[in-house]
Amino acid sequence: MAAQGKKEHLYKILVIGDLGTGKTSIIKRYVHQFFSPHYRATIGVDFALKVLNWDNSTTIRLQLWDIAGQERFGNMTRVYYKEAVGAFVVFDVTRLSTFEAVQMWKADLDNKVLLPNGKAIPAVLLANKCDLASEGFLGNINQLDDYCREKGFHAWFETSAKENIGIEEAARSLVAKILENDETIDHPQPDGDGIRVGEEDGRAPKKTKCC
Amino acid sequence: MAATRTHAQLFNSHGFAVMSAAEEYNMSYEDSGIPSVCETFKEVLAECESCGMRKPPILLKKCRQLIKVGGHNSMRGDIWRVFLGISETKTRTNFDYKGNVAELGERLNKCGLTESTCDANIRRISALLDGQYLPLSEEDIKWLRNARQIMLDIGRTFPTHRLYIGETKEKISLLRVLMMYAKFNTSVGYCQGMAYIAALLLMHMTNEEDVFWSILTIFDSEKYLARFYDRKLSRMQTCGGIFSLLLKDRQTKLAQHLVAYTHCMYILSILQKRAGVRYL
C-alpha cells in the first residue's frame, strides 16, 4: 500500500465520442507513448491504466475506459459510466458530424453519472486529429471557448494522437479538476486489496465441478 | 509498428505478421495438411453434405476421428461450410447474392465511391454525409453511415494479418459480405464485432459467397448467435447476466473484485470477442 505519507488515488475516466474519432489512439499515445494507424476497432470496452507521479506525495492511477463508439452499445453505457469521476469527449476535427454528436455524448454522460455531491462529472473536450486541421470544419477555433462554457465542459484541447499534441496537457487539466473535486467530496473507494485467484482465506482452492 | 507490405515480412503459420525476434523464435510451422487425411476427409464431408442437416451418427463419428488425427488444416473452411449447413440456408432464403453485389457496386459508383476501404473513399463518404455533394434521402444517409462504419472497421480488423495488410481483395470481399448481411437483415444491420468473424472465415474459405452464407447462418440461427448483435444486444446482455451469476457462484471473490473494479462490463468484451471463436 501507500508509502509513508504518500497518497494514492484510483480514478476512473471515460473516453467517449463517435466511432472512429481516435479514442483508442489517444489512449495508446497517452499510456504507451505510441501511435499506429493500424489499431483494432473497440468492441464493447477496453481498459488501460496510466500511473502518474503527480507530485512528491501523490500517486495517481488513472483507469481509462475506452468505450465503443457504435450507437447500439449506447444501451450499455449506464453500466460503463458507473462511478466515473471524469471524462474525455472526443470528436474528429475533419468530420462535422462527430462534433454534432458531442452534445449527445455530453447529455448522455450527465444523465447517467453524477459525482457523489450530485454535480456533473468534469468533462474535457478533445478536438482530435488536429494535424489534419487544414481539412477541418472548425473555422474560428476560439468559438469553442463559448461552446464549452455553454455545454458545461471544464476545458477543451486540440489534440493529435499521431503527432502527440495536447494529450498530456488535456490529461493534466482533467486530473487537476478531479483532485480539486476529490478534496471537497468524500469518496467511497473500492477495497484496495488485491485478490489471489484460486486461494480462499489461505485454504486450498475449492474443487469446482465442470459440466 | 504498423505493418505494411513494403517491409520484408515474415508471417507465422496463421498468416499474422511477425513483429519481434522473440515471436519469430516461437514460430511454429504447421502443415497445411496431410494429403491422405484430406482426401478421406473430403469423401466423408461429401457424404455429410448429401445428408443435409440430419447427419447420421456414424458419419459424425468418422469426422471426429479425422479431426483427432489432425493434418486437416486446409480443410477447415470446407468443414465449417458443411457443418454450418450453408446450402440449407441458401435454399431456405431467397437472396440473390451476386445480383445484390452488382447492385452495391453500382450504387457506390453513383456516389463516386469504390469498393475500396481506403482513406480517400471513407473521407468521401464523410463529405457526402456532411452534405457537400448531392442531396441525400434519409435512406441514403442510413446506407452511407452503415457503409462508412463497415469500411472503418475493416481497416482495423486483424490489421497485421497478411490478407488484410494494404489494399487486398479480401478486404473488398469483407466489405461485400458485411454490406450484404446488413442488406439481408435490415433489423440487425451491421454491429461492431461482426467484421472479426467474417474476416476469420475469409482466412479459411476461398469462396466469398460461402462466407456470406456462413455469417448469415451464424448471425441468424438460434443455435449460434441469433439476437446477439441486434440493436439492443439482447442476447449478449442475457449471456452476460448468466455469466456473472455463474462467476458469482463459482468464483465469489473474483466476481466481487471484478465488480468493484470494473463493474460488469468486462463480460461484454469477453463475450463479444469470444463469441465467434466458441463455434469455429
Side-chain angles (χ1 to χ4, degrees), chain A residues 10 12 18-21 24 34-47 63 65-84 92 94-98 100 132 135 137 189-201 205-206 208-210, chain B residues 1-4 119 122-123 126-127 129-132 145 148-149 151-160 164-165 188-196 229-234 236-237 240 249-254 256-273:
Chain A
L10 174 70
K12 172 175 168 181
D18 262 14
L19 179 120
T21 50
T24 305
F34 105 168
F35 174 81
S36 160
H38 300 271
Y39 57 96
R40 294 174 305 119
T42 309
I43 296 165
V45 63
D46 266 342
F47 310 98
Q63 194 184 57
W65 283 51
D66 181 5
I67 288 167
Q70 199 187 8
E71 219 178 314
R72 67 186 72 184
F73 291 95
N75 294 309
M76 307 210 157
T77 47
R78 190 181 294 276
V79 214
Y80 292 135
Y81 291 178
K82 221 172 126 194
E83 283 171 29
D92 172 349
T94 67
R95 278 162 52 213
L96 182 62
S97 61
T98 65
E100 287 164 353
L132 303 174
E135 305 166 30
F137 57 85
Q189 286 279 332
D191 176 15
D193 289 329
I195 120 143
R196 285 149 299 184
V197 178
E199 207 178 299
E200 264 179 1
D201 311 325
K206 254 200 295 198
T208 46
K209 267 186 214 151
C210 192
Chain B
M1 269 307 291
T4 61
D119 285 351
I122 295 174
R123 273 206 296 275
S126 304
L129 283 169
D130 284 344
Q132 288 184 20
R145 276 207 187 126
R148 190 174 169 282
Q149 193 156 327
M151 285 182 182
L152 264 176
D153 279 357
I154 288 173
R156 30 187 204 171
T157 302
F158 299 123
T160 63
Y164 305 109
I165 296 174
V188 174
Y190 170 73
C191 177
Q192 291 196 304
M194 287 178 169
Y196 285 103
Y229 293 111
D230 66 16
R231 291 187 195 266
K232 290 189 165 157
L233 306 173
S234 45
M236 202 184 306
Q237 303 214 42
D249 184 56
R250 304 282 168 99
Q251 291 286 342
T252 314
K253 272 207 155 181
L254 177 61
Q256 279 165 357
H257 174 82
L258 288 171
V259 168
Y261 280 87
T262 65
H263 313 296
C264 308
M265 278 311 103
Y266 64 94
I267 293 165
L268 184 87
S269 65
I270 295 170
L271 277 178
Q272 264 277 12
K273 283 164 191 160

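Sequence lines set the chain letters: A, B, ... in the order given, protein chains first and strands last, and positions in each chain run from 1.
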Enquirer: Does B/Ser234 use its side chain to pair, donor to acceptor, with the backbone of B/Asp230 at less than 3.5 Å?
Expert: no
Enquirer: Quick one: what part of B/Leu129 sits under 4.5 Å from any heavy atom of chain A, side chain, backbone, both or neither?
Expert: neither
Enquirer: Residues in side-chain hydrogen bond (donor to acceptor under 3.5 Å, both in side chains) with A/Thr24, at least two apart?
Expert: A/Thr42, A/Asp66
Enquirer: Quick check for you: among A/Arg72, A/Glu100, A/Gln70, which has the greatest number of heavy-atom pairs under 4.5 Å with chain B?
Expert: A/Arg72
Enquirer: Can you confirm whether the side chains of B/Asp153 and B/Tyr196 place a donor and an acceptor under 3.5 Å from each other?
Expert: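 The criterion, which ignores hydrogens and geometry beyond distance, is not satisfied for B/Tyr196 and B/Asp153.
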Enquirer: Checking heavy atoms, do the side chain of B/Phe158, its backbone, both or neither come under 4.5 Å from chain A?
Expert: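 Contact with chain A: none, neither part.
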Enquirer: A/Thr98 side chain to A/Asp92 main-chain N or O, any donor-acceptor pair under 3.5 Å?
Expert: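 Yes.
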